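Computed from a predicted model, the values in this text were never measured in an experiment. Reckoned from all heavy atoms, side chains included, excluding hydrogens, waters and symmetry mates.
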Amino acid sequence: VLNGLLGERVLLPTNGMRACTATLIELRFNRKANQEGGSKYAATVEFVSRDEWVADLDHMFALIEDDHGNLAFSDGQAPKEGTPAHLAWHKIKSVYGRIAPRSELMPPPPEQAPV
């Protein structure tokens, strides 16, 4: 709908079957677009640090693991809709494309990460 309102076909990502981005998108009117030399669109990209992402993953896994650290929900069985566990499950699945144990999805420590 937003692409249509903007008169664009593919400005913003779309997909009717799954999440197409793991980011929040904020749209605002670009006042500079009407000024001489102003571009039609402008973007600011902010990345999450590795430590912030690991902390977020730790929190999400705490919501979808049982007391023994095992997944309480399988890849095909989402937690009850509207719960924090449901949101965490979908966020993990959107980013990684699957639900898997924490050890398979956590990024490696910085000293082991590929350069």
Side-chain angles (χ1 to χ4, degrees):
V1 171
L2 291 175
N3 283 334
L5 290 172
L6 295 170
E8 301 286 347
R9 292 193 69 183
V10 292
L11 178 65
L12 300 171
T14 61
N15 186 324
M17 300 304 291
R18 56 188 285 225
C20 10
T21 180
T23 62
L24 297 174
I25 297 173
E26 178 182 339
L27 299 175
R28 289 186 281 173
F29 178 73
N30 185 8
R31 295 185 193 287
K32 295 179 183 177
N34 294 327
Q35 298 172 359
E36 186 176 325
S39 63
K40 189 173 180 181
Y41 302 105
T44 302
V45 179
E46 295 178 20
F47 292 96
V48 176
S49 74
R50 182 194 180 284
D51 290 341
E52 289 172 313
W53 180 243
V54 168
D56 199 17
L57 277 175
D58 281 336
H59 175 73
M60 290 186 291
F61 273 110
L63 294 169
I64 65 170
E65 289 176 337
D66 63 19
D67 294 338
H68 304 289
N70 300 313
L71 290 174
F73 309 95
S74 68
D75 196 17
Q77 173 199 6
K80 183 178 177 185
E81 198 167 331
T83 64
H86 185 259
L87 296 174
W89 188 90
H90 277 287
K91 185 173 181 179
I92 291 169
K93 186 156 181 159
S94 293
V95 171
Y96 293 100
R98 66 192 176 106
I99 298 296
R102 180 188 298 237
S103 61
E104 291 181 32
L105 300 181
M106 290 295 273
E111 63 275 3
Q112 295 177 3
V115 180

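- In this view, H59 and L63 satisfy the side chain to side chain contact (heavy atoms under 4.5 Å, CB included) rule, not counting sequence neighbours.
- For the pair L105/L57, no side-chain contact is recorded, criterion being any heavy-atom separation below 4.5 Å from C-beta on.
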- Query: Can W53 and V95 be said to form a side-chain contact (heavy atoms from CB on, under 4.5 Å), step by step?
  - Reply: CA-CA 11 Å; W53 180 243; V95 171; 4.0 Å; yes
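- The two atoms that bring H90 and A78 nearest to each other are NE2-CB, 4.2 Å, heavy atoms only.
- Legend: side chain to side chain donor-acceptor pair (under 3.5 Å) pairs involving residues 99-108, not counting sequence neighbours, sorted by first then second residue: D58-R102, E65-R102, R98-E104.
- Nearest heavy-atom pair, Q77 versus W89, reported as atom, atom and distance to 0.1 Å: O-NE1, 3.9 Å.
- Of all non-hydrogen atoms in R50 and P107, the two that sit nearest each other are NH2-O, 3.2 Å.
- Two different hydrophobic clusters hold L87 and I64 under the rule that ILVMFWY side chains link at heavy-atom gaps under 4.5 Å.
- The CG atom of L71 sits 8.0 Å away from atom CD1 of I92, with the distance rounded to the nearest 0.5 Å.
- Within the 4.5 Å cutoff, the side chain of K91 has no heavy atoms near those of the S94 side chain.
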